[in-house]
Amino acid sequence: MEDVKLMKGNEALAEAAIRAGVDAYFGYPITPQSEVIEYLMAQRPENRTGMVVLQAESEVAAINMVYGAAGAGKKVMTSSSSPGISLKLEGISYIAGAELPCLIVNVMRGGPGLGTIQPSQADYFQAVKGGGHGDYRLIVLAPSTVQEMADFVDKSFKLAFKYRNPVMILADGAIGQMMEKVYLPDAKPRLTDDELIEKYDSWATTGRKNGRKQNIITSLNLKSEKQEVHNLDLQAKYKRIEENETESEEIHCEDADYIMVAFGTSARICQKVIQIGREKGMKLGLIRPITLWPYPSKTIAKYAGKVKGFISVEMNAGQMVEDVRLAVDGKTPVIHYGRMGGMIATPGEVLTAVENHLKTL
Amino acid sequence: MTTSVITPEEIIKTGTVVFKKTENINSVPLSYCPGCGHGVVHRLIMEVVEEMGITADTIGVAPVGCSVLAYEFMNIDMQQAAHGRAPAVATGIKRVFPNKYVFTYQGDGDLAAIGTAETIHACNRGENIVIIFVNNGIYGMTGGQMAPTTLEGMKSSTSPYGRDVHTAGYPLKITEMVAMLPGVCYATRQAVHKPTLVNKTKRAIQKAFENQRDNKGTSIVEVLINCNSGWKMTPEQANIWLEENMAVYFPLGDIKK
């Protein structure tokens with residue numbers, strides 16, 4: 001029987017984590033994602049699956065607990081919102097450097113600083129361009145429905161372990177807070193320690209048994225020659241991820257003469273804009289990146305030079321628009337439309353922005 | 001008269017060996033300065049782990065600082081933590097591997113300055129781990145800057161005229177602080193500049209690991225060592241200075257047991 005529920009995005013993600021066989025969650029409360037840890041605690045996951053759920057003393061401690069448990073080969077996650085993610089960045093850089101698989105969830109709110117608790121997409125740069133120090137990449141997934149909040153948990157861990165790389169689910173406060181129908185995934189058991197050792201004993205700190213070589217988790221190379229080799233290896237891995245894991249959705253693009261690009265909540269708004277626009281005879285399409293890194297540049301490039309224009313609709317001052325412009329490579333005009341501070345654009349506003357742009361083309 | 005020369009091989013031959021390096025210490029040169037106590041503390045931990053038969057079940061966490069490369073010397077599974085975060089990293093490991101032995105190896109800057117929150121909260125949760133806290137009153141690796149445990153009036157590269165407690169605060173007795181917490185089952189301060197003290201330190205480390213085996217909570221073993229290069233002294237002078245100054249402000253012995 002299908003397990004269908006009406007749930008908040010944050011709760012759907014938490015339930016999906018238990019069902020994905022996650023071994024541990026370490027977090028610190030922050031609006032608008034505190035429901036994740038609240039839901040997990042209420043579920044007594046230690047009884048349901050044996051999952052560890054711990055409220056840390058800070059986001060800094062939480063991400064370092066993730067580092068430790070991920071280094072032990074376990075399936076580990078944390079979640080937070082924008083200011084909390086800023087605190088986690090040191091740890092994220094270390095996790096990327098030490099090549100540890102894990103899931104980090106950012107349910108974005110408006111910034112900078114303490115900003116607002118209302119939804120935002122202003123952490124796009126932070127998520128996809130680095131954020132922490134050093135040359136590293138996160139695999140970044142952008143859910144636009146409560147269903148995807150649930151589905152992306154298992155998907156994230158598959159990617160994280162496939163590439164031994166941290167994965168981020170970059171949601172926003174609206175996706176985290178809103179309630180929708182969600183088909184919950186089937187539950188799968190956590191790995192036993194024996195299964196874990198069989199799979200990850202080549203690198204994880206599971207204990208130096210049976211005379212095997214010691215396993216070391218570190219991001220340190222004091223010798224430049226060695227560090228450069230490590231950097232080159234990381235870059236080669238990132239290239240493989242770009243080639244194999246880029247994902248996006250194209251909506252009504254086949255006959256479109258104008259294309260919107262948007263992710264998360266903004267993509268939901270743009271779907272309404274397509275509907276209203278098409279009723280008025282405007283041939284609008286939408287490209288919705290599902291992976292924000294790797295970015296679906298090739299998909300966007302297919303339409304460059306063919307459509308009249310692009311608009312990047314974001315809940316920020318214009319961040320992803322830079323990647324749209326890089327993909328379009330000057331072949332077609334690209335503009336940005338966005339609201340900030342927790343304000344969400346209406347479909348009417350976006351349509352007006354599109355119409356105004358079209359007049360100039 | 002002929003003198004018989006004993007060759008090293010004869011000394012090492014079976015039956016006359018009175019001391020042997022534990023297999024848990026890798027056969028590589030240590031990166032520590034001559035006269036530094038880090039090597040002794042490394043050896044003591046690894047001997048205890050070997051003697052308790054827990055080598056395959058022990059995971060160590062190395063800090064940032066002089067002992068950042070501890071994993072190159074200790075032949076066990078290890079993780080290197082960001083500066084100050086070792087107790088959080090150890091928490092992560094121990095919570096998912098409750099039957100393993102997990103310890104952190106931290107200096108004073110790591111444990112008592114940048115990592116104060118992680119130290120106190122791991123102790124307050126009573127994380128069932130061992131914290132080895134090596135206190136030399138200075139930042140060794142970065143070149144002798146003032147540490148949270150630098151004594152009043154003590155010179156360092158960032159307190160070149162001596163630590164002024166009115167502007168830089170007082171040397172932090174963090175082991176006494178965490179000893180107050182109910183989650184801490186054992187807090188002790190030891191030293192390794194004399195053979196008798198080395199033996200005592202080893203017993204303290206063993207007790208800490210036994211506490212972990214018995215699920216008693218957090219054990220913290222502080223070990224005073226010299227930093228002769230940072231203190232700008234010979235190793236011998238540094239040991240005397242340690243005894244006459246460090247061990248006065250930071251008295252040796254059990255704080256909680």
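Naming convention: chains lettered A, B, ... in sequence-line order (proteins, then strands); numbering from 1 in each chain.
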### Message
Counting neighbours of CD on Glu46(A) that are heavy atoms of other residues, nucleotides or ligands and sit closer than 6.0 Å, is the number greater than 12?
### Response
yes
### Query
Is the backbone N or O of Gln80(B) less than 3.5 Å from a side-chain atom of Tyr94(A), with the two atoms forming a donor-acceptor pair by type?
no
### Task
Hey, could you give me the CD/CG distance between Gln214(A) and Asn75(B), rounded to the nearest 0.5 Å?
5.0 Å
### Query
With a cut-off of 6.0 Å (strictly less than), are more than 12 heavy atoms of other residues, nucleotides or ligands near OH of Tyr136(A)?
yes
### Message
Counting neighbours of NZ on Lys129(A) that are heavy atoms of other residues, nucleotides or ligands and sit closer than 6.0 Å, is the number greater than 12?
### Response
yes
### Query
Has Asp186(A) got more than 12 heavy atoms of other residues, nucleotides or ligands less than 6.0 Å from its CG?
no
### Task
Name, in order of residue number, those residues of residues 99-109 of chain A that have a heavy atom at a distance of less than 4.5 Å from a heavy atom in chain B; otherwise write 'none'.
none
### Query
Using non-hydrogen atoms only, which part of Ala70(A) is less than 4.5 Å away from chain B: side chain, backbone, both, or neither?
neither
### Task
For Ala61(A) and Ala88(B), work out which heavy atoms get closest and say how close.
O-CB, 3.6 Å
### Query
How about Arg44(A): does its CZ atom have over 12 heavy atoms from other parts shown lying under 6.0 Å from it?
no
Report, one line per pair, each donor and acceptor closer than 3.5 Å where one atom sits in a side chain of residues 55-68 of chain B; sequence neighbours left out.
residue, atom, partner, partner atom, Å
Thr55(B), OG1, Asn24(B), ND2, 2.9
Asp57(B), OD1, Lys209(A), NZ, 3.0
Thr58(B), OG1, Ile54(B), O, 2.6

#### Entry: Which residues share a side-chain contact (heavy atoms from CB on, under 4.5 Å) with Ala62(A), sequence neighbours left out
Phe26(A), Ala56(A), Thr78(A), Lys88(A)
#### Entry: Pairwise distance CD1(Ile76(B)) to CD1(Ile216(A)) - rounded to 0.5 angstrom
10.0 Å
What donor-acceptor contacts under 3.5 angstrom involve side-chain atoms of residues 225-233 of chain A, with partners at least two apart or in another chain?
residue, atom, partner, partner atom, Å
Gln227(A), OE1, Asn221(A), ND2, 3.0
His230(A), NE2, Gly97(A), O, 2.9

### Message
Just verifying a value: how many Å separate Asn64(A) CG and Glu118(B) CD, rounded to the nearest 0.5 Å?
### Response
7.0 Å
### Passing option when Tyr71(B) is tested against Ile217(A), Asn215(A), Thr218(A) for side-chain contact (heavy atoms from CB on, under 4.5 Å)
Thr218(A)
### Query
If you round to the nearest 0.5 Å, how far is CG of Leu54(A) from OG1 of Thr91(B)?
7.5 Å
### Message
At a 4.5 Å cut-off on heavy atoms, which part of Asn26(B) comes close to chain A: side chain, backbone, both, or neither?
### Response
side chain
### Query
Could you walk me through whether Phe97(B) and Asp193(A) pass the side chain to side chain contact (heavy atoms under 4.5 Å, CB included) check?
CA-CA 9 Å; Phe97(B) 276 152; Asp193(A) 282 359; 3.7 Å; yes
#### Entry: Within 6.0 Å of CD in Glu195(A), more than 12 heavy atoms from elsewhere
yes
### Message
Once rounded to the nearest 0.5 Å, what's the spacing between atom CH2 of Trp203(A) and atom CG of Asp77(B)?
### Response
11.5 Å
### Summary
Between Ile93(B) and Gly68(A), the two heavy atoms sitting closest are CG1-O, 3.3 Å
#### Entry: Toward chain B, the part of Thr206(A) with a non-hydrogen atom under 4.5 Å
both
### Message
Rounded at 0.5 Å granularity, tell me how far CD in Glu57(A) sits from CZ in Arg125(B).
### Response
4.5 Å
### Task
With a 4.5 angstrom heavy-atom cut-off, could you sort out which part of Ile120(B) is near chain A: side chain, backbone, both or neither?
neither
### Task
Verify the neighbour count for atom NZ of Lys216(B): are there more than 12 heavy atoms of other residues, nucleotides or ligands below 6.0 Å?
no
### Message
For the NZ atom on Lys257(B), are there more than 12 heavy atoms of other groups (residues, nucleotides or ligands in this structure) within a distance under 6.0 Å?
### Response
no
### Summary
Applying a strict 4.5 Å limit to non-hydrogen atoms, the region of Asn210(A) in contact with chain B is neither
